[in-house]
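Take a look at the structure set out below.
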There are 2 protein chains.
Amino acid sequence: MSLRHGLLGLLAEGPASGYDLARRFSETLGTIWPAQHPKIYAELGRLAADGLVEVESEGPRRRKAYRITDAGLAEVKHWLSEVDVDHTMRLQPLLRSLFFWLMDADDLQRHLAAEARFYTEIAEQYRQYAERKDRGEFGNSPQTQSMRVAIEAGVRLYSALADWAEWAQTVPPAKPAKSTKPAKSTKPARAAKPTTR
Amino acid sequence: MSLRHGLLGLLAEGPASGYDLARRFSETLGTIWPAQHPKIYAELGRLAADGLVEVESEGPRRRKAYRITDAGLAEVKHWLSEVDVDHTMRLQPLLRSLFFWLMDADDLQRHLAAEARFYTEIAEQYRQYAERKDRGEFGNSPQTQSMRVAIEAGVRLYSALADWAEWAQTVPPAKPAKSTKPAKSTKPARAAKPTTR
DNA sequence: GATGGACATGTCCTAAGGGACATATGATCG
DNA sequence: CGATCATATGTCCCTTAGGACATGTCCATC
């Protein structure tokens, strides 16, 4: 249920419409926390029903801007300070890496090179963003300060992944256990063992 | 739909039961790709219906071991080489970091210290696992070679996060825009601007 | 031989994610 | 003035995730 608190956190900066919030998610937050507009509108409705946000104004084309209420602010602060962090990571690239041994050496090298390029590029984007902030381009409000901290995480994470993908290209492909030794051959599906225990 | 391919990948190493697979997810894979047993049994059923796996043997207590079929192996290889990688990351800790400005300085320091401890510990676990592999404790099969590559990613990712959390503790908390300058005060909810554009 | 515990598989139900589609409205420009 | 585009909000529906609960089975041990 982090989307709920994500929305509250964004609204703590000031009123915004569902459209605004959806843009922020798709433009900058998308890499660390994806959220499509259907979910956002639905959640805003629920938040309003629960009294955590309220409609601040109705704008030009049906635009509704929401403002966080005191209850909403209390809720997001409570979440930040009292609720356990969920450290779950769901990284498909890492899951795939477990199965690299199923790939041709060529395909694998291509794959890793593409991954390295991808991560390097994202890391670079975050780095530039960080620089602009450090040059004072976005002011020095508490919000942008926190943004700076988040960006730093992006830089470090994606740099680490880029380095990893580079490094992985240098790992020699393990031969499918052929000529290394006489190889006690019959061990016919090692993971099988119908372990009763 | 990565669980499907995750299961196929694991079964490519050799036959296993739903219980075995669930344990592998909860013990070692849980950090990078969580999966509970209800999903696993359901997906195994679907995989069997689609002919990508088949029941290899029935063991002691209703135990059913599944074996990957040729079609299943082809499917997972196709996924690895041809299907685009999903780079989506969903990191609650990073989402939270955007809202650090809403926290007391004390709470934030406590939070960051706990985060640093957590990431350091996980990184250390991965590091030890990598060492054991490098000492040859797990042999040198292609599978364990790939495992080694995945572990390396874990080491680097969690080290990066640990360093980040340490670094973040040194970032001075931005004062809520008070005494820094005369401060053109009236700019009443900067994010509001009912942008019609 | 009864009982408790680890093994093993499964269902049920609700919530969350997300693609596809629908619709209203104001702005722009020929 | 009519067409078209970007803005803005929403619904529908299917899939995936995951907590809670239920059941069966073999083993140890008292």
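Just so you know, these numbers use all the heavy atoms, side chains as well, and skip hydrogens, waters and symmetry mates. Chain naming here is simple, since letters A, B, ... match the order of the sequence lines and numbering starts at 1 in each.
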| task | Could you tell me which residues satisfy salt bridge (Lys or Arg N to Asp or Glu O under 4.0 Å) with A:Glu43, sequence neighbours excluded, listed by chain and number? | result | A:Arg4, A:Arg46

| query | C:dT9, C:dA6, D:dT11: which one has an atom nearest the side-chain heavy atoms of B:Arg61? | reply | C:dA6

| request: Check every atom of C:dA24, C:dG18, C:dT9 against the side chain of A:Gln36 and return the nucleotide holding the closest atom. | output: C:dG18

For [X] and [N], give me the distance from atom [atom1] to atom [atom2], rounded to whole Å.
X       : N      : atom1 : atom2 : result
B:Tyr41 : C:dA8  : OH    : P     : 8 Å
A:Arg63 : C:dG26 : CZ    : C1'   : 13 Å
A:Phe25 : C:dA16 : CZ    : C1'   : 14 Å
B:Lys64 : D:dT23 : NZ    : P     : 18 Å
A:Arg62 : D:dA6  : CZ    : C1'   : 15 Å
B:Ile40 : D:dG19 : CD1   : C1'   : 15 Å
A:His37 : C:dG19 : NE2   : P     : 11 Å
A:His5  : C:dA16 : NE2   : C1'   : 15 Å

| message | I'd like to know whether CD of A:Gln169 has more than 12 heavy-atom contacts from other residues, nucleotides or ligands below 6.0 angstrom. | response | yes

| task | Might you confirm whether atom CD of B:Glu121 has over 12 heavy atoms from other residues, nucleotides or ligands at distances under 6.0 Å? | result | no

| request: Could you grab the distance from atom CG of B:Leu112 to atom CZ of B:Arg117, nearest 0.5 Å is fine? | output: 11.0 Å

| request: Show the numbers, then the answer: is there a side chain to side chain donor-acceptor pair (under 3.5 Å) between A:Ser2 and B:Gln92? | output: CA-CA 7 Å; A:Ser2 293; B:Gln92 208 200 66; 2.8 Å; yes

| First of A:Pro34 and B:Ala42 reached from the 5' end of DNA chain C, by closest nucleotide | B:Ala42

| Whichever of A:Glu43 and A:Pro38 has its nearest DNA chain C nucleotide further upstream toward 5' | A:Glu43

| query | Would you say D:dT15 has OP1 or OP2 under 4.0 Å from some side-chain N or O of B:Lys39? | reply | no

| query | B:Tyr19 side chain N/O closer than 4.0 Å to the phosphate oxygens (OP1, OP2) of C:dT9? | reply | no

| Interface with DNA chain C, restricted to residues 76-93 of chain A and to heavy atoms under 4.0 Å | none

| query | Does B:His37 have its ring centroid less than 6.0 Å away from the ring centroid of B:Phe25? | reply | no

| field | Minimum side-chain heavy-atom gap A:Leu102-B:Leu73 below 4.5 Å | value | yes

